[in-house]
There are 4 protein chains.
Amino acid sequence: MGEHRGDTRARIQAVALELFAEQGYEKTSLREIAERLNVTKAALYYHFKTKEDIVVSLFDDQLGRLDELITWGREQPATQETRQELVRRYADQLYASGPGLMRFAHENQGTMRDLAVGEKLKSRMKGLRELLIDPKAPLTDQLKSAMAPFTLNIAHFAFDDYDITDEERRAAGIAVALELVSGSPHTDA
Amino acid sequence: MGEHRGDTRARIQAVALELFAEQGYEKTSLREIAERLNVTKAALYYHFKTKEDIVVSLFDDQLGRLDELITWGREQPATQETRQELVRRYADQLYASGPGLMRFAHENQGTMRDLAVGEKLKSRMKGLRELLIDPKAPLTDQLKSAMAPFTLNIAHFAFDDYDITDEERRAAGIAVALELVSGSPHTDA
Amino acid sequence: MGEHRGDTRARIQAVALELFAEQGYEKTSLREIAERLNVTKAALYYHFKTKEDIVVSLFDDQLGRLDELITWGREQPATQETRQELVRRYADQLYASGPGLMRFAHENQGTMRDLAVGEKLKSRMKGLRELLIDPKAPLTDQLKSAMAPFTLNIAHFAFDDYDITDEERRAAGIAVALELVSGSPHTDA
Amino acid sequence: MGEHRGDTRARIQAVALELFAEQGYEKTSLREIAERLNVTKAALYYHFKTKEDIVVSLFDDQLGRLDELITWGREQPATQETRQELVRRYADQLYASGPGLMRFAHENQGTMRDLAVGEKLKSRMKGLRELLIDPKAPLTDQLKSAMAPFTLNIAHFAFDDYDITDEERRAAGIAVALELVSGSPHTDA
DNA sequence: AATGAATGAGTATTCATTCAT
DNA sequence: AATGAATGAATACTCATTCAT
């Protein structure tokens with residue numbers, strides 16, 4: 001008893017993220033989270049108003065950083081260099097947040113739609129996509145650009161049976177994402 | 001009364017797929033499915049042993065066709081042409097099953113992991129991936145190949161705000177998937 | 001096991017009324033009701049959609065009869081005789097429903113306001129009151145008329161320590177209610 | 001900050017009475033009260049030992065005054081004049097306490113029974129009733145006398161849709177209560 | 001081919017209360 | 001005079017599943 005003090009809120013977030021990523025949001029019960037922390041369910045409610053509120057808190061930082069990224073992108077010229085830099089910065093943010101959040105968002109896409117925070121995240125991703133896409137390019141090139149953000153996720157999960165480091169996965173992901181966003185050799189004539 | 005006869009099983013599948021795709025597997029209750037069909041929950045249990053069993057039945061055809069595709073692929077030489085044909089045939093299968101199944105699998109990835117059918121599907125996708133990938137190619141090229149199947153899904157959902165037809169989406173998806181699977185100009189020396 | 005068949009719904013109503021009247025609606029939990037009936041809580045939900053729904057079902061007949069009474073009253077001339085007959089018929093209805101419902105409504109007035117059925121009952125009582133009141137009479141006479149329905153309730157609870165029969169209570173209640181509704185000897189000049 | 005000092009106890013009472021009257025005792029939570037006052041729940045516990053204790057404090061003055069009234073009544077001769085004076089004094093007390101307490105007691109009769117203070121109030125009301133009733137009078141007259149205290153409450157709530165002042169309501173209530181307590185023209189011979 | 005009735009285990013959420021600081 | 005953190009017990013309600021008919 002009394003081993004932890006003041007950090008309960010953070011511990012709830014950590015355990016919740018872990019379990020949400022591992023088993024999904026719906027299938028993770030507050031009882032489970034509470035038990036892992038050796039607190040009562042009611043204690044969770046002291047720190048968060050609802051179950052959804054925990055998720056909101058998890059995405060809060062990430063959303064803020066995404067906003068900044070998009071704002072930055074909008075101020076830049078709509079060039080290939082900008083798009084490449086956007087991919088690089090987005091990758092940095094993604095890896096900074098740790099793998100849990102990525103996985104959570106990836107595997108709970110259905111659930112996220114019902115959560116308010118899901119809508120927010122989706123609108124940010126759309127904002128990012130619009131910056132990555134050259135609207136005058138052919139549809140196939142636009143699709144490739146739209147896929148760039150996914151690439152980073154997929155790179156992480158696709159080669160789970162390969163004997164390579166996370167660093168290699170990451171490098172491959174960024175390389176492909178950059179290529180996808182760079183379009184055909186000469187977009188304009 | 002008596003409007004439907006003998007087709008109850010199929011009607012259950014149709015409604016279940018619709019609801020699973022729309023709201024997710026966990027959040028769709030058997031009560032909901034039963035109510036939409038004007039039957040009792042117990043009737044569902046006459047036709048399917050469990051809730052999961054409904055999902056299994058939904059993927060049954062798809063899995064069978066995937067098996068055939070993989071078997072076919074294994075008999076072909078591991079050339080770029082084979083890989084491109086695999087992409088084309090996979091796309092045909094995907095579009096033949098309608099958009100519901102695609103969406104279901106895409107948005108419920110977390111849930112699928114717990115379902116036996118999810119494991120099966122995943123192992124098939126891995127089999128397909130192995131055929132699409134040239135193990136001697138650089139990691140980035142391998143990643144691009146691995147992404148090809150995803151491309152078809154993403155093509156469908158990424159441009160929901162564009163004013164284009166499903167046919168155009170599909171064409172773009174296949175084009176990009178083919179490109180991804182085709183690797184760099186000269187894979188071998 | 002299996003002692004009762006087909007009557008579960010009615011047994012739930014009986015026990016619920018008993019407990020609601022005895023302890024109040026809020027303080028009576030579904031667990032309590034279920035335990036007294038030796039069924040699970042879920043069984044209650046098979047028969048009633050919500051806790052409030054149980055109350056609704058309890059008042060259903062009563063409300064219907066009240067409606068009929070008011071309809072009848074509106075077709076009669078607005079005379080003292082009509083008002084007296086309304087009181088008599090209302091009393092009959094009240095006593096027919098048994099004492100539980102009376103007591104429930106009386107002691108849970110606050111709660112009833114939040115329940116939809118409470119609003120309905122209140123509007124019926126207002127309809128009845130309007131028939132009992134002579135709008136041209138002095139305010140004090142109107143108040144006396146408005147009190148008539150309460151009289152019947154009060155007669156039941158006021159003399160709980162007297163050694164008299166329910167029949168005597170009832171007779172006294174009706175007598176006073178009739179007097180209250182009859183106004184001053186000569187209302188008009 | 002620092003707007004109120006020393007008056008917290010009184011502010012708790014005021015808000016509690018308001019909410020109890022508005023929503024009922026059971027349905028008003030201490031959290032709600034605390035939030036309205038911008039204090040924590042624990043602060044309430046500094047001023048009151050339990051939730052019930054808040055109610056007790058609300059009725060304290062009222063109970064004391066009722067005691068005095070009854071003591072006074074017992075010292076008077078059991079005449080009609082005494083009874084009328086009891087009604088007048090009781091009305092004064094009731095109106096002095098404001099409408100909240102009246103309404104609280106009226107709408108939470110069920111709840112009051114479980115609270116110790118409810119028993120106390122009930123016993124006082126019985127004491128008052130005994131003074132208002134002439135035990136030698138016919139049962140109907142006794143019932144009318146017993147109703148007198150209720151009249152004052154009913155007068156307040158019955159005509160909520162009338163366009164009259166509280167003062168008029170009050171006057172009518174007292175007038176009818178006096179009449180009820182005065183019995184038939186010639187009670188004795 | 002289906003229903004009516006029920007269960008057991010679970011869910012998120014709320015509440016009055018406590019206590020060290 | 002009050003807070004921050006937490007508890008234990010409760011609540012209404014839902015779900016997948018079962019089974020006799």
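A note on names: the letters A, B, ... follow the listed sequences, proteins ahead of strands, and every chain is numbered from 1.
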Quiz item: When the distance from CG of B/Leu44 to C1' of E/dG4 is rounded to whole Å, what number comes out?
Solution: 15 Å
Quiz item: Do you know which two heavy atoms are closest between B/Leu37 and B/Arg11, and how far apart they sit?
Solution: O-NH2, 3.5 Å
Quiz prompt | Strand DNA chain F as a dot-bracket string - pairs counted if Watson-Crick or G-U with both distances under 3.5 Å, | where the partner lies in another strand | solution = .||||||||||||||||||||
Quiz item: Whole Å only: how far is the CG atom of D/Asn38 from the P atom of F/dA1?
Solution: 19 Å
Practice problem: Would you indicate, yes or no, if E/dA5 has its OP1 or OP2 atom less than 4.0 angstrom from a side-chain nitrogen or oxygen of C/Tyr46? | Solution: yes
Quiz item: Which heavy atom in D/Gly100 sits nearest to a heavy atom in D/Ala21, and how many Å separate them?
Solution: O-CB, 3.8 Å
Quiz item: In a check of side-chain hydrogen bond (donor to acceptor under 3.5 Å, both in side chains) between B/Asp67 and each of B/Arg124, B/Gln62, B/Lys120, which one passes?
Solution: B/Arg124
Quiz item: What is the distance from NZ of C/Lys27 to P of E/dC15, rounded to the nearest Å?
Solution: 16 Å
Quiz prompt | side-chain N/O C/His47 vs E/dG4 OP1/OP2, d < 4.0 Å | solution = no
Quiz item: What is the per-nucleotide protein-contact pattern of nucleotides 16-21 of chain F, from the 5' end, where B denotes a base atom under 4.0 Å from a protein heavy atom, S denotes such proximity for sugar-phosphate atoms only, and - denotes neither?
Solution: BBBB--
Quiz prompt | Phosphate OP1/OP2 of F/dA6 contacted by A/Thr8 side-chain N/O (<4.0 Å) | solution = yes
Under 3.5 Å, sequence neighbours excluded: what are the donor-acceptor pairs made by side chains of residues 40-50 of chain A?
| residue | atom | partner | partner atom | Å |
| --- | --- | --- | --- | --- |
| A/Thr40 | OG1 | A/Ala43 | N | 3.4 |
| A/Thr50 | OG1 | A/Glu52 | N | 3.4 |
| A/Thr50 | OG1 | A/Asp53 | N | 3.0 |

Practice problem: Write down the distance between CZ (D/Arg11) and P (F/dA2), rounded to a whole number of angstrom. | Solution: 9 Å
Quiz item: C/Asp53 has an atom CG; how far is it from atom P of F/dA12, in whole Å?
Solution: 14 Å
Exercise. Kindly indicate whether a cation-pi arrangement holds for A/Lys51 with A/Phe20, taking the cut-offs as under 6.0 Å to the six-membered ring centre and within 45° of the axis.
Key: no
Exercise. May I have the distance from B/Glu35 (atom CD) to E/dT3 (atom P), rounded to whole angstrom?
Key: 13 Å
Quiz prompt | 5' priority, DNA chain F, between B/Glu32 and A/Val39 [closest heavy atom] | solution = A/Val39
Quiz item: Between B/Gln13 and B/Leu58, which heavy-atom pair has the shortest distance, and what is it?
Solution: O-CD2, 3.6 Å
Quiz prompt | Heavy-atom closest pair, residues B/Gly24 and B/Asn108 | solution = CA-OD1, 3.3 Å
Quiz item: Roughly how many Å is it from CZ in C/Phe48 to C1' in F/dA12, rounded to a whole number?
Solution: 16 Å
Quiz prompt | Ionic contact status for B/Glu35 with B/Arg31, cut-off 4.0 Å | solution = yes
Quiz prompt | Heavy atoms from other residues, nucleotides or ligands near NZ of A/Lys27 exceed 12 (cutoff 6.0 Å) | solution = yes
Self-check item: Protein-nucleotide distance (A/Ile12, atom CD1; F/dA5, atom C1'), rounded to Å
Solution: 11 Å
